[in-house]
J.: 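Below is the structure I would like to discuss, written out as structure tokens.
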Amino acid sequence: MNDIEPRDFIRKIIYDDLESGKHAEIVTRFPPEPNGYLHVGHVMAICLDFGVAAETGGRTFLRLDDTNPGKESPEFVEAIKDDVHWLGFDWEDRLTHASDYFDRLYESAIQLVEQGVAYVDSLSAEEIREHRGTLTESGRNSPYRDRSVEENLDLFRRMYAGEFGDGEHVLRAKIDMASPNMNMRDPAIYRIRHIPHQNAGDKWCIYPMYDYAHGMSDAYEGITHSLCTLEFEDHRPLYDWFLDQLQPEHRPRQIEFSRLNLAYTITSKRKLKALVDEGVVSGWNDPRMPTISGMRRRGYPPAALREFVKRAGVTKKDKLIEMGALETCVRDVLGETAPRRMAVLRPLKIVLTNYPEGQVELMEAMNHPGNPDFGTRELPFSRELWIEQDDFMEDAPRKFFRLKPGGEVRLRFGYIIRCDEAIKNDDGEVVELRCSYDPDTRSGTGTSDRKVKGTIHWASCAHAVDASVRLYDRLFTDANPNAAEDFHKVLNPGSLEIVAAKLEPSLASVDEAVQFERLGYFCRDSADDTVSTHVFNRIVTLRDSWAKLEKQAMQQQG
RNA sequence: UGGGGCGUAGCCAAGUGGUAAGGCAUCGGGUUUUGAUCCCGUGUACCGCAGGUUCGAAUCCUGCCGCCCCAGCCA
């Protein structure tokens, strides 16, 4: 427990409950429905649920909220488990399913019938909707609302026994059809579904609804604080109603907080699924996806995601957080942990005309400028090198301190070179540069302490490793695609660019995320990289104040 | 036009009657063989608006405005 850490309103409640002695231990749960992949929005909930319990020495359950078979599958539960673990949290032996409680839930439903607060309705779904009224008009009681306890008991048991088809009957809570809260207008508790269940097999043909199953599952597990998002605020009276009726041993408290929305991306499971199904992306774990598995494949460190939601905070105000906030967290983590390497994304060949043909020197390079513990490595240097196309400009502005005709630049960890001649093809494009190097300026050991303004990265043509590098950009062109009429219209056509890059030799085998100096952070693509074909993902670019200046200049020109 | 929430700088967010923390972004400057990192500095926030209470209000009261959620046998 840390008294200095600022506490959000939920932590205040929880710490108060601990101090007042209301609870001796905090028990929370993270309860996703296994009907899709987890995304950034869930990271907030996971960190809150597991975080607050861990901080107070409590426990957290990972509960698969699988009350709606047909939409749920074991594939999703496995993905959810992987994602939560990867994020850095452990439920130990507390992996449960709402379906683990189906027997108890059924028994308690019978109790509700016996208490006269639940009844079997035989209206069709459509009729029930008509009877529910509208936001401004109260609903009407179902003609079946006053069936006797005996008749309800008989009907409900026969629903359980499989005597009826889907939709013939439904068990409802008898509350108040005139309630201004729609959730209290006799909500359904059980529906008939003759389909097998991802965890319970084909034992059941009636399944409990979320509102009933969720609160009671919380109670069964001894959850002290049931944290969920704002849209369930209206459900709290119903959550409490079930607890009031059934009086379980433990009484959990539901507290709601706002969802976290990330700018330029979507977090609706339905829309994410559409992106996958329509082939807009390669799958749920496409590196452009805001899913946890997508961000993992992209190379975002779990610590960066945790830091991100921590900075975002827990409140009840709708959030639409800028992508830059997430990227800063990713850079902060990677900046400290990623070894530095060199790679050329868009190669332009240069020949050092005064460098001996066939000679190869090994240049010592630091693996991390701010941390000597990372050690050094050797880079082969030769007469023909690749440099970045963007690092040469024929008609360069004064402030461009990279390579230009007649100009000098330092090759990182190498020599200072001068551009003597630009060779062009028939289309007038620069295809090669003729340069000369200054032998007195070898990195570290140079006898000359000459300084030049710019330093650029490079790779030796004879030694470079070929790789396909995927450069990602935001998936949408609109800051809030969630609100767009049709998200297809705001898709960013340039969200993926693939370049044929030249890498320094050591990059042929790396498992961790690295920084390609001056470019950004990259990692091997876990799905497509093979021994023969190297495939890298750009995790995030480096901050680029030159690009910013260029952009401003462009805007000034119109 | 019913009910439930929310409104503090571009984006997040502290603050609960005593005269507006912090982070991200922005904009300057310094260091630098990554135009990165790092380090300094940088914001007149009509605290949604309008009244009121008070010596004093972002904080209390009243009215208004704006945004979000709810009419699944989804979660």
Side-chain angles (χ1 to χ4, degrees), chain A residues 6-8 31-33 35 65-68 70-72 121 123-126 128-129 132-139 166-172 179-185 187-193 207 209-211 213-214 228-237 256 258-260 263 269 310-329 331-332 335-336 340 342 366 368-370 399-402 409-414 416 441 443-444 446 451-457 479 515-520 541-549:
Chain A
R7 287 178 192 166
D8 54 75
E33 181 187 12
N35 69 341
D65 209 345
D66 54 356
T67 55
N68 189 17
K71 286 193 172 178
E72 300 152 0
D121 197 350
L123 250 25
S124 68
E126 200 168 318
I128 286 179
R129 177 163 27 87
R132 187 158 17 241
T134 68
L135 294 177
T136 53
E137 300 163 46
S138 76
D166 289 5
E168 275 189 60
H169 304 285
V170 62
L171 183 71
R172 290 229 259 170
S179 172
N181 181 345
M182 301 299 286
N183 295 300
M184 300 300 271
R185 319 247 263 226
I189 303 174
Y190 266 92
R191 74 286 218 185
I192 301 172
R193 282 266 190 294
Y207 294 96
M209 298 290 291
Y210 162 84
D211 286 298
H214 197 89
C228 64
T229 41
L230 243 33
E231 66 268 30
F232 293 104
E233 217 157 12
D234 285 344
H235 294 242
R236 192 174 353 116
E256 312 83 11
S258 63
R259 304 179 75 109
L260 179 158
K269 275 185 188 172
K310 182 179 174 186
R311 289 185 192 179
V314 179
T315 65
K316 301 190 72 158
K317 187 176 137 187
D318 293 336
K319 309 179 203 298
L320 180 61
I321 302 182
E322 293 169 342
M323 197 61 108
L326 208 204
E327 292 180 338
T328 293
C329 294
R331 291 188 187 107
D332 284 353
E336 286 192 7
R340 263 97 261 224
M342 290 209 287
M366 291 177 292
H368 192 120
K399 286 198 290 185
F400 181 86
F401 37 89
R402 273 116 97 151
V409 77
R410 160 144 240 134
L411 290 177
R412 177 88 162 145
F413 304 124
I416 290 176
T441 58
S443 186
K451 299 262 184 199
V452 285
K453 186 69 177 162
T455 300
I456 64 174
H457 55 95
Q515 181 192 97
F516 287 178
E517 293 208 28
R518 304 210 305 136
L519 297 173
T541 61
L542 250 32
R543 255 196 203 82
D544 189 345
S545 51
W546 168 247
K548 199 182 292 172
L549 285 174

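What you see is a predicted model, and the numbers here were worked out from it, not measured in a lab. Sequence lines set the chain letters: A, B, ... in the order given, protein chains first and strands last, and positions in each chain run from 1.
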J.: For atom P, what is the distance between B:rG48 and B:rU8, given to the nearest Å?
T.: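 Their P atoms lie roughly 6 Å apart.
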
J.: Output yes when at least one side-chain N/O atom of A:Thr315 is less than 4.0 Å from OP1 or OP2 of B:rA13, else no.
T.: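 So the side chain of A:Thr315 is within the cut-off, an N or O lying under 4.0 Å from OP1 or OP2 of B:rA13.
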
J.: Rounding to a whole Å, what distance do you find between A:Leu260:CG and B:rC12:C1'?
T.: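 About 9 Å, once rounded to whole Å.
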
J.: When you measure from the side-chain N and O atoms of A:Thr328 to the phosphate of B:rA25, is any distance below 4.0 Å, counting only OP1 and OP2?
T.: yes

J.: Does B:rA36 have OP1 or OP2 under 4.0 Å away from a side-chain N or O of A:Arg412?
T.: no

J.: A:Arg543: what forms a side-chain contact (heavy atoms from CB on, under 4.5 Å) with it, not counting sequence neighbours?
T.: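 Testing A:Arg543 for side-chain contact (heavy atoms from CB on, under 4.5 Å), a comparison that skips the adjacent residues, returns A:Thr328, A:Arg331.
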
J.: Please determine whether a side-chain nitrogen or oxygen atom of A:Lys310 lies at a distance below 4.0 Å from atom OP1 or OP2 of B:rC12.
T.: no

J.: With a 4.0 Å cut-off, would you call A:Asp332 and A:Arg311 a salt bridge?
T.: yes

J.: Under 4.0 Å between any heavy atoms, over every strand shown, what does A:Met209 touch: base, sugar-phosphate, or nothing? Just pick one.
T.: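 If one applies the 4.0 Å heavy-atom cut-off, A:Met209 turns out to touch the sugar-phosphate alone, with no base involved.
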
J.: Among B:rU34, B:rC27, B:rG4, find the nucleotide with the atom closest to the side chain of A:Leu542.
T.: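 Comparing B:rU34, B:rC27, B:rG4 against the side chain of A:Leu542, the answer is B:rU34.
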
J.: I want to check one thing: is the phosphate of B:rC70, taken as OP1 and OP2, less than 4.0 Å away from some side-chain N or O of A:Arg132?
T.: no

J.: Strictly below 4.0 Å: does A:Thr67 bring a side-chain N or O up to OP1 or OP2 of B:rA75?
T.: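 Yes, such a contact exists.
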
J.: Taking any heavy-atom pair under 4.0 Å as a contact, classify A:Gln515: base, sugar-phosphate, or nothing.
T.: base

J.: Can you see whether A:Thr229 engages A:Glu231 through a side-chain donor-acceptor pair at a distance of less than 3.5 angstrom?
T.: yes

J.: Please tell me which of the listed nucleotides, B:rA75, B:rG3, B:rU1, lies nearest to the side chain of A:Asp234?
T.: B:rG3

J.: Considering all heavy atoms of both residues, which atom of A:Asp65 and which atom of A:Pro31 are nearest to each other, and what is their separation?
T.: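 Here A:Asp65 and A:Pro31 meet closest at CB-O, 3.6 Å.
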
J.: Does the side chain of A:Arg543 get closer than 4.0 angstrom to OP1 or OP2 of B:rA25 through an N or O atom?
T.: yes

J.: With rounding to whole Å, what would you report as the distance between B:rU31 and B:rC38 at their C1' atoms?
T.: 8 Å

J.: Using whole Å, what does the distance between atom P of nucleotide B:rC11 and atom NZ of A:Lys319 come to?
T.: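 Roughly 14 Å, once rounded to whole Å.
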
J.: Tell me the interatomic distance from A:Asp211, atom CG, to B:rC69, atom C1', rounded to whole angstroms.
T.: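 A:Asp211 atom CG is separated from B:rC69 atom C1' by 14 Å.
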
J.: Any side-chain N or O of A:Arg191 under 4.0 Å from OP1/OP2 of B:rG72?
T.: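 No, outside the criterion.
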
J.: Report which part of the nucleic acid A:Pro32 touches: base, sugar-phosphate, or nothing (heavy-atom distance under 4.0 Å, all strands).
T.: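 Answer is nothing: A:Pro32 stays at 4.0 Å or more from every strand.
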
J.: Between A:Val409 and A:Val452, which heavy-atom pair has the shortest distance, and what is it?
T.: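 Result for this residue pair: C-CG2, 3.8 Å.
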
J.: Rounded to whole Å, please give me the gap between NZ in A:Lys453 and P in B:rU32.
T.: 10 Å

J.: Over all strands shown, is A:Lys269 touching base, sugar-phosphate only, or nothing at heavy-atom distances under 4.0 angstrom?
T.: nothing

J.: With a 4.0 Å cutoff (strictly under), does any side-chain N or O of A:Lys316 reach OP1 or OP2 of B:rG7?
T.: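 No, A:Lys316 has no side-chain N/O under 4.0 Å of OP1/OP2 on B:rG7.
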
J.: Quickly work out the A:Arg311 CZ to B:rC11 P distance and round it to whole Å.
T.: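 Whole-Å distance recorded here is 19 Å.
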
J.: Classify the nucleic acid contact of A:Phe516 as base, sugar-phosphate or nothing, counting any heavy atom under 4.0 Å across all strands shown.
T.: nothing

J.: What distance, rounded to whole Å, do you find between the two P atoms, one in B:rA25 and one in B:rU16?
T.: 28 Å

J.: Tell me what A:Phe232 touches on the nucleic acid: a base, only sugar-phosphate, or nothing, going by heavy atoms under 4.0 Å.
T.: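 Answer is base: heavy atoms of A:Phe232 come under 4.0 Å of a base.
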
J.: I'd like to check, for A:Tyr210, whether its ring lies over the base of B:rA75 with centroids under 5.5 Å apart and a plane angle smaller than 30°.
T.: no

J.: Please measure how far the C1' atom in B:rA57 lies from the corresponding atom in B:rG18, and state the result in whole Å.
T.: 9 Å

J.: Nearest to the side chain of A:Arg410 - B:rC73, B:rU33, B:rU34?
T.: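 Nearest nucleotide to the side chain: B:rU33.
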
J.: Dot-bracket, 5' to 3', for RNA chain B please: Watson-Crick or G-U pairs under 3.5 Å, [ ] where pairs cross earlier ones, | where the partner sits on another strand, dots elsewhere.
T.: .(((((((.[[[..)..(...]]]..((((.......))))......[[[[[..)....]]]]])))))).....

J.: List in chain and number order the residues that pass side-chain contact (heavy atoms from CB on, under 4.5 Å) with A:Lys317, two or more places apart in sequence or in another chain; answer none if no residue qualifies.
T.: A:Thr315

J.: Heavy atoms from C-beta onward define the side chain here; which of B:rU34, B:rA75, B:rC12 lies closest to that of A:Leu320?
T.: B:rC12

J.: Measuring from the side chain of A:Glu322 (C-beta onward, heavy atoms only), which nucleotide among B:rC12, B:rC24, B:rG2 has the closest atom?
T.: B:rC24

J.: Taking atom P in both B:rC47 and B:rU42, what distance in whole Å separates the two?
T.: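 About 23 Å, rounded to a whole number of Å.
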
J.: Rounding to the closest angstrom, what is the interatomic distance between B:rU19 and B:rA45 at atom C1'?
T.: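 One C1' to the other, the span is 15 Å.
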
J.: Expressed as a whole number of Å, how far does the P atom of B:rA14 sit from that of B:rA21?
T.: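 Here B:rA14 and B:rA21 have their P atoms 15 Å from each other.
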
J.: Check A:Asp121 with A:Arg172, please: is the shortest side-chain N to carboxylate O separation under 4.0 Å?
T.: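 Counted as a salt bridge, because a side-chain N and a carboxylate O are separated by less than 4.0 Å.
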
J.: Could you measure between the two C1' atoms, the one in B:rG5 and the one in B:rU44, and give it in whole Å?
T.: 33 Å

J.: In whole Å, I'd like the distance from the CE atom of A:Met182 to the C1' atom of B:rG5.
T.: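 Roughly 18 Å, once rounded to whole Å.
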
J.: Below 4.0 angstrom from OP1 or OP2 of B:rA36, is there any side-chain N or O of A:Ser545?
T.: yes

J.: Within the 4.0 Å heavy-atom criterion, would you say A:Ile189 contacts the bases, only the backbone, or no part of the nucleic acid?
T.: nothing

J.: Hey, does the side chain of A:Lys317 come within less than 4.0 Å of B:rG5's phosphate (OP1/OP2), counting only N and O?
T.: no

J.: Within the 4.0 Å heavy-atom criterion, would you say A:Ile128 contacts the bases, only the backbone, or no part of the nucleic acid?
T.: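 The residue A:Ile128 makes base contact.
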
J.: Which part of the nucleic acid does A:His169 contact within heavy-atom distance under 4.0 Å: base, sugar-phosphate only, or nothing?
T.: nothing

J.: Mapping A:Leu519 and A:Asn35 to their closest nucleotides on RNA chain B, which lands nearer the 5' end?
T.: A:Leu519

J.: What nucleic acid atoms does A:Ile321 come within less than 4.0 Å of, heavy atoms only: base, sugar-phosphate, or nothing?
T.: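 Touches sugar-phosphate only.
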
J.: Between B:rU33, B:rC70, B:rA75, which nucleotide gets closest to the side-chain atoms of A:Asp65?
T.: B:rA75

J.: Counting the atoms with a prime plus P, OP1 and OP2 as sugar-phosphate, which does A:Arg129 contact under 4.0 Å by heavy atoms, base, sugar-phosphate, or nothing?
T.: sugar-phosphate

J.: Can a donor-acceptor pair under 3.5 Å be found between the side-chain atoms of A:Ser443 and the base atoms of B:rU33?
T.: yes

J.: At under 4.0 Å between heavy atoms, what does A:Ala312 touch on the DNA or RNA strands: base, sugar-phosphate, or nothing?
T.: sugar-phosphate

J.: May I have the distance from A:Asp121 (atom CG) to B:rG72 (atom P), rounded to whole angstrom?
T.: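 Going from A:Asp121 (CG) to B:rG72 (P), I get 15 Å.
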
J.: Please compare A:Glu137 and A:Gly167 by the position of their nearest nucleotide in RNA chain B and report the one closer to 5'.
T.: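 Result: A:Glu137.
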
J.: Ignoring hydrogens, what is the shortest heavy-atom contact between A:Arg340 and A:Pro369? Give both atom names and the distance.
T.: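 Reported closest heavy-atom pair: CD-CD, 3.4 Å.
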
J.: Write down the distance between CG (A:Asp318) and P (B:rC11), rounded to a whole number of angstrom.
T.: 13 Å

J.: Just call it for A:Arg172: base, sugar-phosphate, or nothing, with non-hydrogen atoms closer than 4.0 Å on any strand.
T.: nothing

J.: So what does A:Tyr207 hit on the nucleic acid, given a heavy-atom distance under 4.0 Å: a base, only sugar-phosphate, or nothing?
T.: nothing

J.: Syn or anti for B:rG72? Use the chi torsion, O4'-C1'-N9-C4 for purines and O4'-C1'-N1-C2 for pyrimidines, with syn inside 90° of 0.
T.: syn

